[in-house]
Amino acid sequence: MSSAPPTATTAPQTWTRPNSEFFISNNPSLLSVQAVNEAFGREFLYWGKPFPEDVMHQMLHGSMSFGVYKSVQPQSEGEPFSPTAENTEQIGLARMVTDDTTFGYLSDVYVLPEYQGHGLGKWLMSCVSEVFSKENMPYLRRIMLLTGDKRMQDWYTKIFGMEVIAHERRPDIGQDLVFMCARPNAKS
Ligand SMILES: CC(C)(COP(=O)(O)OP(=O)(O)OC[C@H]1O[C@@H](n2cnc3c(N)ncnc32)[C@H](O)[C@@H]1OP(=O)(O)O)[C@@H](O)C(=O)NCCC(=O)NCCS
């Protein structure tokens with residue numbers, strides 16, 4: 001049998017900041033199907049709609065899902081915080097549909113409106129780009145995504161080096177989308 005490919009992404013990671021109640025993790029055990037479904041039912045998430053719970057569970061767990069979380073447990077000074085699904089609230093998501101080695105399709109990026117504008121979205125993307133970096137995924141060939149927001153295009157270009165490669169007409173959501181692609185390990 002051949003050996004496993006060199007990838008550093010298999011162990012879940014958690015990112016914290018000093019004196020912050022927020023953290024980011026790609027640990028699947030923290031994901032909240034209910035919280036994501038509630039977000040998918042809100043107006044700001046223009047592309048989504050809630051799914052049956054088993055479908056949402058499969059969607060989140062069949063991808064590498066990065067959650068943005070808020071601790072809902074009072075912290076004791078000096079005590080290390082052990083996040084669980086019970087003592088955290090999920091307030092954001094970025095979902096990479098991936099083989100963990102060569103390809104990633106980024107989807108469902110959001111931070112709930114009541115928490116936007118405080119740097120959480122940028123932090124979330126920096127965690128995703130850390131995992132999907134040349135160093136961590138030397139065989140990564142492409143990252144792709146679709147977006148309807150011009151400001152987001154500039155954001156993804158800055159973070160991942162994404163380029164617009166095609167347009168998709170989407171009368172169903174009242175908004176056309178652009179298809180973006182990055183090739184992090186392309187030969188220069
Ligand atoms: C896009 C989003 C995840 C950013 O999260 P956030 O926590 O507000 O982001 P930050 O506070 O870290 O700001 C990051 C950058 O995004 C910009 N930004 C903030 N909200 C934005 C929005 N709704 N649309 C586009 N850009 C936005 C900020 O101006 C900032 O730009 P800067 O780097 O030039 O300062 C969040 O606004 C959101 O969930 N939007 C609705 C869902 C959505 O459009 N998702 C992306 C689909 S492709």
Side-chain angles (χ1 to χ4, degrees), residues 13-28 30-51 55-56 59-60 62-72 83 88-98 103-133 140 142-184:
Q13 289 174 253
T14 295
W15 294 262
T16 58
R17 285 179 166 172
N19 306 317
S20 173
E21 63 190 318
F22 299 104
F23 67 95
I24 291 170
S25 181
N26 60 1
N27 186 336
L30 299 176
L31 291 164
S32 169
V33 166
Q34 197 187 7
V36 178
N37 248 342
E38 276 173 23
F40 269 55
R42 291 176 65 174
E43 190 117 345
F44 82 97
L45 221 150
Y46 61 87
W47 65 91
K49 59 175 185 343
F51 287 124
V55 173
M56 179 58 84
M59 187 183 96
L60 293 174
S63 312
M64 190 190 295
S65 295
F66 294 72
V68 184
Y69 300 93
K70 182 182 173 186
S71 159
V72 292
T88 56
E89 180 189 344
Q90 185 166 356
I91 60 154
L93 176 72
R95 187 170 73 86
M96 193 70 98
V97 185
T98 181
F103 177 74
Y105 175 80
L106 184 62
S107 191
D108 300 328
V109 175
Y110 74 83
V111 169
L112 293 180
E114 45 276 40
Y115 298 102
Q116 289 176 11
H118 299 290
L120 291 172
K122 210 183 262 185
W123 186 22
L124 173 61
M125 282 304 106
S126 77
C127 298
V128 176
S129 69
E130 180 186 319
V131 173
F132 287 80
S133 63
L140 184 63
R142 278 182 197 271
I143 305 175
M144 292 178 174
L145 61 83
L146 280 161
T147 182
D149 192 313
K150 173 74 182 85
R151 285 179 305 168
M152 293 304 294
Q153 288 177 39
D154 299 339
W155 209 41
Y156 291 129
T157 301
K158 226 179 333 180
I159 295 161
F160 292 106
M162 294 265 182
E163 285 174 37
V164 174
I165 55 166
H167 292 77
E168 186 185 56
R169 294 212 16 87
R170 289 293 300 271
D172 57 324
I173 57 169
Q175 191 165 6
D176 290 349
L177 303 179
V178 296
F179 195 31
M180 301 185 79
C181 179
R183 296 168 60 217

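Keep in mind the model is a prediction, meaning the values are calculated, not measured. Atoms within each ligand, like the ligands themselves, are counted from 1 in listed order.
- The ligand atoms of ligand 1 that sit less than 4.0 angstrom from a heavy atom of Leu120 are 7 (O), 12 (O).
- Each of the atoms 42 (C), 43 (C), 45 (N), 46 (C), 47 (C) of ligand 1 lies under 4.0 Å from some heavy atom of Val109.
- With a 6.0 Å radius and a threshold of 12 heavy atoms from other residues, nucleotides or ligands, Gln34 has its CD atom at or below the threshold.
- To the nearest 0.5 Å, atoms NZ (Lys70) and CZ (Phe22) are separated by 5.5 Å.
- Heavy atoms of Trp123 stay at 4.0 angstrom or farther from ligand 1.
- Residue Val111 holds the heavy atom nearest to atom 39 (O) of ligand 1 of all those in Val111, Val178, Leu146.
- Atoms of ligand 1 lying under 4.0 Å from any heavy atom of Thr147, numbered from 1 in the order shown and given with element: 48 (S).
- Under the 4.0 angstrom criterion, atom 18 (N) of ligand 1 counts as lacking any protein heavy-atom contact.
- Of the protein's heavy atoms, at least one falls inside 4.0 Å of atom 7 (O) of ligand 1.
- Counting the atoms of ligand 1 from 1 in the order shown, those under 4.0 Å from a heavy atom of Phe44 are 41 (C).
- Under 4.0 Å from ligand 1, the heavy atoms of Trp47 that appear belong solely to its side chain.
- Between Lys150 and Asp154 there is a salt bridge, since at least one side-chain N of the basic residue sits less than 4.0 Å from a carboxylate O of the acidic one.
- Within the 4.0 Å heavy-atom criterion, neither part of Leu145 lies near ligand 1.
- Distance remark: protein heavy atom not present below 4.0 angstrom from atom 29 (O) of ligand 1.
- Annotation for Glu168: atom CD counts as buried by contact number, over 12 foreign heavy atoms lying within 6.0 Å.
- For atom 41 (C) of ligand 1, the protein comes within 4.0 Å by at least one heavy atom.
- Ligand 1 lies nowhere less than 4.0 angstrom from a heavy atom belonging to Leu45.
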